[in-house]
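Beneath this line is the structure, given in structure tokens, with notes to follow.
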Amino acid sequence: MSAQALYKITVQTRRLYQLLRCVSDRQLEQFGINSSHRSLLEYLYHNPSQTVPQIADQKLVSRQHIQTIVNSLSERGLVVFISNPNHKRSSLVRLTRAGEEMFESVQITESALLEKVGLNFPQAGLEHASQTLDQIIECFQSTGGAEK
């Protein structure tokens, strides 16, 4: 029975991901970026000075995918490449001040929507859902299911 319940959560999570991506893309239009850009800005905001391979490994996507997004953000002046003292050929990527400010502005915009939607749920229910999702993630990671 738990496999069926987990499958239902998986289907719901996929649906929620697609919905959040769509809502996010609409909100991000005012900033001239999309949800992929936003995701990378957030990652670099919390994990400064990472190589493209490091980012790709953490996000479980291809290096080429991350490189495309990084190049786009670089063209907009939101990230910069800096020399890597540990590797001559793999530069570090970090946010510029403009990138940091953009991500902070995006967070403010998102917070308004999350506050509004959050009013529909009791705090304890949201905390329980978060804990359950953390446990599911941990289980998949520990079974080796999250490897590229």
Side-chain angles (χ1 to χ4, degrees), residues 1-82 91-148:
M1 187 57 139
S2 63
Q4 288 176 332
L6 189 55
Y7 177 74
K8 182 178 180 182
I9 290 171
T10 301
V11 170
Q12 291 170 313
T13 301
R14 288 180 181 136
R15 174 73 178 130
L16 179 59
Y17 169 77
Q18 294 299 329
L19 180 61
L20 289 172
R21 187 173 54 91
C22 184
V23 169
S24 180
D25 280 341
R26 272 188 261 136
Q27 281 193 321
L28 293 171
E29 285 176 355
Q30 66 183 303
F31 299 100
I33 61 172
N34 62 35
S35 55
S36 294
H37 295 124
R38 183 236 177 268
S39 177
L40 194 56
L41 289 173
E42 179 178 45
Y43 182 80
L44 289 170
Y45 190 85
H46 296 292
N47 304 281
S49 299
Q50 299 284 309
T51 65
V52 167
Q54 287 172 324
I55 298 167
D57 287 346
Q58 287 298 307
K59 295 179 97 22
L60 302 173
V61 297
S62 73
R63 292 176 184 187
Q64 294 83 356
H65 176 70
I66 295 299
Q67 189 67 59
T68 299
I69 299 168
V70 166
N71 290 346
S72 177
L73 292 173
S74 176
E75 290 170 5
R76 291 174 168 84
L78 301 174
V79 299
V80 60
F81 297 97
I82 57 175
S91 296
L92 296 169
V93 181
R94 73 169 173 79
L95 292 179
T96 61
R97 185 66 197 135
E100 291 171 353
E101 290 171 356
M102 177 175 286
F103 180 68
E104 291 165 357
S105 295
V106 165
Q107 282 188 305
I108 291 168
T109 300
E110 291 173 340
S111 291
L113 178 60
L114 293 174
E115 288 287 333
K116 181 179 175 182
V117 172
L119 293 174
N120 295 293
F121 305 97
Q123 183 70 25
L126 292 172
E127 289 173 5
H128 181 71
S130 178
Q131 290 169 355
T132 301
L133 289 172
D134 282 342
Q135 290 171 346
I136 292 169
I137 291 166
E138 189 176 308
C139 285
F140 274 102
Q141 287 175 330
S142 69
T143 61
E147 297 171 358
K148 287 196 289 181

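Every value quoted in this text rests on a predicted model; they were computed, and no experiment measured them.
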Donor-acceptor pair, side chain of [X] and main chain of [Y], under 3.5 angstrom:
X   : Y   : answer
S72 : T68 : no
T10 : L6  : yes
S49 : L92 : no
T51 : S91 : no
D25 : C22 : no
T13 : I9  : yes
R76 : G32 : yes

Looking only at side chains, do Q67 and N71 share a donor and an acceptor under 3.5 Å apart? yes
Distance-only side-chain donor-acceptor flag, Q18 / R21, under 3.5 Å: yes
Considering all heavy atoms of both residues, which atom of [X] and which atom of [Y] are nearest to each other, and what is their separation?
X   : Y    : value
Y43 : Q54  : OH-O, 4.3 Å
V52 : R63  : CG1-O, 3.6 Å
L44 : I55  : CD2-CD1, 3.9 Å
V23 : L113 : CG1-CD2, 3.6 Å
H65 : V61  : CD2-CG2, 3.8 Å

Of all pairs that satisfy side-chain hydrogen bond (donor to acceptor under 3.5 Å, both in side chains), the ones with a partner from residues 109-119, not counting sequence neighbours: R38-E110
Check residues 123-132 and write down every donor-acceptor pair under 3.5 Å in which the side-chain atom is one partner and the other belongs to a residue at least two apart or another chain.
| residue | atom | partner | partner atom | Å |
| --- | --- | --- | --- | --- |
| Q123 | NE2 | E127 | OE2 | 2.9 |
| T132 | OG1 | H128 | O | 3.0 |

Any chance you could lay out the side-chain contact (heavy atoms from CB on, under 4.5 Å) test for I33 and L41, step after step, and finish with the verdict? CA-CA 10 Å; I33 61 172; L41 289 173; 3.8 Å; yes
Look up atom [atom1] in [X] and atom [atom2] in [Y], then write down how far apart they are to the nearest 0.5 Å.
X    : Y    : atom1 : atom2 : result
I69  : S74  : CD1   : OG    : 13.5 Å
L40  : K59  : CG    : NZ    : 6.5 Å
Q12  : L19  : CD    : CG    : 12.5 Å
L73  : S36  : CG    : OG    : 9.5 Å
D134 : C139 : CG    : SG    : 11.0 Å

Partner residues of [X] under the side chain to side chain donor-acceptor pair (under 3.5 Å) criterion, sequence neighbours left out:
X    : value
R94  : none
Q58  : none
Y45  : E104
E100 : R97

Can you confirm whether L78 sits close enough to F103 that some side-chain heavy atom of one is under 4.5 Å from a side-chain heavy atom of the other? no
